[in-house]
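Below you'll find the structure, written out as structure tokens, and then a few comments.
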Amino acid sequence: MGVAGHNDPLLGETTCGSLLQQLQLIWDEVGESDEDRDKMLLQLEQECLDVYRRKVDQASSSRSCLLQQLSNSKSELTRLLSALGESSISGAPDKTSGTIKEQLAAISPSLETLRRKKESRVKEFAHVQLQIQILRDEIAGDLHIGEQLETPHVNADDLSVRRLNEYLSELQALQKEKSTRLSRILESVSSVHDLCSVLGMDFVGTVTKVHPSLDDSVGVQSKSISGETISKLSKMVIVLEEEKSKRFAKIQALASQLSDLWNLMDSPVEEQQPFRHVTCIMSSALDDVIVPGALALDVIQQAELEVERLDQLKASRMKDIAFKKQTELEDIYARAHVAVDSSAARDRIMSIIESSSFEPSELLADMENQILKANEESLSRKDILERVDRWMSACEEESWLEDYSRDDNRYSATRGAHLNLKRAEKARVLVNKIPAIVDTLLAKTRAWEQEHGVAFTYDGVPLLAMLDEYKILRQEKEDEKRRMRDQKKMNEQLAAEQEKLFGSKPSPARPQSSSRKVAGARTNGGGTPARRLSALQSGGRTASRDGRRDASRPVAPVNYVAIAKEDVASQASSNHTGPSTP
């Protein structure tokens with residue numbers, strides 16, 4: 001056992017033995033007794049024991065500290081693994097033997113890794129929980145603009161991935177709900193903006209009544225998404241839509257009044273131009289009105305003032321307006337071929353205007369009612385009038401066909417002859433339909449008269465009388481045709497007898513051809529049928545479908561009966577007995 005000492009370069013290496021020898025020399029030189037020497041040696045031995053004992057105690061204490069440290073490290077490792085939800089850590093040595101320092105050295109890297117992982121996980125938990133708390137407060141409406149929340153407390157005993165995923169799932173659900181609510185908020189805010197623009201209202205002042213964060217100056221993610229905000233905003237949209245509907249109906253009525261008044265008084269375009277933005281709404285749907293300020297209160301007020309001004313002007317121009325309405329009424333009746341006494345109607349209007357109890361609105365309302373009834377009557381007569389036009393057109397074609405059949409040059413190669421041939425073919429087809437047209441027209445007219453309880457007149461002439469007269473004249477025409485055929489047979493027999501007696505066939509006499517032409521001309525307008533129709537026509541004029549008077553077109557057809565092809569041929573040449581074709 002050595003004793004710590006110092007190195008003396010003269011004495012060499014210092015050891016306990018050399019020191020003891022040096023002490024013996026000193027004692028010998030001093031002359032210490034053996035008893036003193038023994039005491040000193042015993043004292044030295046005791047001091048050495050005390051030094052060894054202290055060193056042992058220090059070593060034992062150090063070992064205990066290391067063991068406690070190892071135990072604490074193992075416990076911390078277990079807690080961290082449990083908190084992080086892990087059963088073990090990859091790369092950690094399974095060292096349960098060896099010195100204490102070796103075991104500590106083996107566990108320290110894993111412990112440090114888990115500590116860093118825990119720190120990171122705590123931050124992650126804190127961030128997710130903070131976002132969840134913010135979203136919850138936003139949805140509940142408890143978070144105010146610019147307010148900062150404290151970092152929430154994180155449970156360090158449960159930092160597992162499973163628990164983190166639960167928080168993340170909750171965060172995703174809240175984010176989805178926020179996105180849905182935010183979409184509804186933005187959609188409603190956009191609707192409020194559009195409605196305020198159309199109604200001419202202050203958007204910012206309107207929308208901030210619901211919540212200050214709905215202003216455009218506030219970021220999208222900072223807008224209130226609480227249920228209360230959504231409810232108030234939805235109610236505001238409904239209120240604005242109802243207001244838009246009311247104003248739309250009001251301005252449509254004003255636009256209709258303006259249009260009617262302009263038409264009544266023939267207002268110039270320059271006078272109408274300032275209110276074109278009002279009248280254009282009249283034909284629009286409610287959802288199509290998106291022009292800013294189109295339904296503003298000042299626009300409605302301006303339109304109301306203009307209607308009031310025009311109403312006052314209308315009263316002073318009532319005579320012209322009433323006569324204009326009367327002209328409109330007469331045009332409707334003219335297109336429907338209904339005879340009216342225009343002079344009496346205008347005299348009645350003048351007497352009403354000049355009376356002391358004259359009320360312009362009542363007169364206009366009465367005339368509007370008359371126009372409405374006239375339109376209804378015109379509509380009920382439309383089908384019959386169209387058939388009358390067909391009948392008259394067919395009779396005109398029949399008249400042309402007879403004139404064409406009497407033309408001796410119709411087969412010559414003149415310019416346009418082929419067009420007349422085509423027209424003749426079409427005319428024959430149309431003429432053959434005349435009896436069916438007349439029968440249908442009679443049935444339709446009788447049904448109409450039975451339904452309405454009055455006679456159906458055509459420009460004042462009863463249509464049934466015209467049709468009956470037409471059938472009588474057609475029958476007379478048929479009788480005339482039979483008489484002509486009989487006369488033709490007699491002429492042929494006479495010619496045959498003369499040929500037997502005199503041995504030659506005489507040429508056709510010119511007077512006979514002339515007489516036939518005269519007969520044909522008589523049946524086409526110069527004889528009794530034309531005079532009978534003239535008596536029924538009241539002047540021989542009719543109105544075309546567009547309401548214009550046409551003096552060149554008769555009310556009833558002048559010519560009623562088509563001549564058959566063989567009769568036309570017999571009139572053209574008495575020598576030709578077969579049917580002629582164009």
Side-chain angles (χ1 to χ4, degrees), residues 187-210 214 216 230-318 320-322 324-325 328-329 358-373 375-376:
E187 182 179 355
S188 297
V189 169
S190 177
S191 299
V192 171
H193 180 274
D194 295 341
L195 289 168
C196 288
S197 176
V198 173
L199 296 174
M201 300 173 61
D202 178 24
F203 165 68
V204 176
T206 302
V207 79
T208 51
K209 291 180 181 178
V210 176
L214 300 180
D216 289 339
I230 293 175
S231 177
K232 287 183 178 180
L233 203 54
S234 299
K235 290 179 181 179
M236 176 168 286
V237 171
I238 294 173
V239 170
L240 291 176
E241 286 178 344
E242 291 176 351
E243 180 66 19
K244 179 182 178 181
S245 179
K246 291 178 183 178
R247 294 191 188 183
F248 177 75
K250 190 170 185 178
I251 207 166
Q252 269 198 327
L254 290 171
S256 178
Q257 292 176 355
L258 283 173
S259 180
D260 293 342
L261 290 170
W262 288 338
N263 292 333
L264 279 175
M265 296 181 286
D266 291 328
S267 299
V269 178
E270 294 78 11
E271 186 178 334
Q272 300 177 20
Q273 193 62 37
F275 297 93
R276 282 300 180 190
H277 62 286
V278 176
T279 54
C280 69
I281 296 178
M282 187 167 55
S283 59
S284 302
L286 178 61
D287 294 337
D288 295 336
V289 181
I290 57 175
V291 178
L295 301 178
L297 287 177
D298 57 343
V299 173
I300 296 176
Q301 291 173 357
Q302 292 173 4
E304 288 175 340
L305 292 175
E306 181 65 11
V307 169
E308 184 179 354
R309 184 186 72 82
L310 291 175
D311 279 334
Q312 294 174 357
L313 185 61
K314 179 183 70 175
S316 62
R317 298 175 57 186
M318 197 61 216
D320 295 337
I321 295 172
K324 184 178 179 181
K325 287 287 183 182
E328 181 182 353
L329 181 63
F358 167 63
E359 179 60 40
S361 59
E362 293 181 1
L363 176 59
L364 287 180
D366 179 62
M367 298 197 73
E368 289 289 348
N369 189 36
Q370 292 182 47
I371 291 173
L372 179 61
K373 291 181 179 179
N375 283 322
E376 292 176 354

**Request:** Just say parallel, tilted or perpendicular for the rings of H193 and F203, cut-offs at 30° and 60°.
**Result:**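 Plane angle over 60°, so perpendicular.
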**Asked** Is R247 salt-bridged to E243, cutoff N-O under 4.0 Å?
**Response**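 Looking at R247 and E243, the cut-off is met.
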**Request:** Flag the pair K373 and E376 as a salt bridge only when some basic side-chain nitrogen lies within less than 4.0 angstrom of an acidic carboxylate oxygen.
**Result:**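 Salt bridge: no.
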Search all heavy atoms of [X] against all heavy atoms of [Y] and return the closest pair with its distance.
X: H277; Y: P274; value: CE1-O, 2.8 Å
X: V207; Y: V189; value: CG2-CG2, 4.3 Å
X: A296; Y: G200; value: CB-CA, 4.1 Å
X: A294; Y: V299; value: O-CG1, 4.0 Å
X: M236; Y: T206; value: CE-O, 3.3 Å

With rounding to the nearest 0.5 Å, note down the distance linking [atom1] in [X] to [atom2] in [Y].
X: I290; Y: S284; atom1: CD1; atom2: OG; answer: 10.0 Å
X: S191; Y: I238; atom1: OG; atom2: CD1; answer: 11.0 Å
X: L214; Y: K232; atom1: CG; atom2: NZ; answer: 10.5 Å
X: L295; Y: I300; atom1: CG; atom2: CD1; answer: 6.5 Å

**Message:** With a 6.0 Å cut-off (strictly less than), is the heavy-atom count around CG of L286, excluding the residue itself, greater than 12?
**Reply:**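 Counting other residues, nucleotides and ligands, CG of L286 exceeds 12 neighbours.
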**Message:** Counting neighbours of CD on E304 that are heavy atoms of other residues, nucleotides or ligands and sit closer than 6.0 Å, is the number greater than 12?
**Reply:**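 Result for CD/E304: enclosed.
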With side chains defined as the heavy atoms from C-beta onward, is the minimum distance between [X] and [Y] less than 4.5 Å?
X: I281; Y: V291; answer: no
X: E328; Y: I371; answer: yes
X: L310; Y: E306; answer: yes
X: I251; Y: V278; answer: yes
X: V237; Y: V192; answer: yes

Donor-acceptor pair, side chain of [X] and main chain of [Y], under 3.5 angstrom:
X: Q272; Y: S267; result: yes
X: S245; Y: E241; result: no
X: S259; Y: S256; result: no

**Request:** Give the intermediate values and the outcome of side-chain contact (heavy atoms from CB on, under 4.5 Å) for residues V307 and L258.
**Result:** CA-CA 6 Å; V307 169; L258 283 173; 3.7 Å; yes
**Asked** Are a donor atom and an acceptor atom from the side chains of D298 and Q302 found within less than 3.5 Å of each other?
**Response**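 Distance-only check fails for D298 and Q302.
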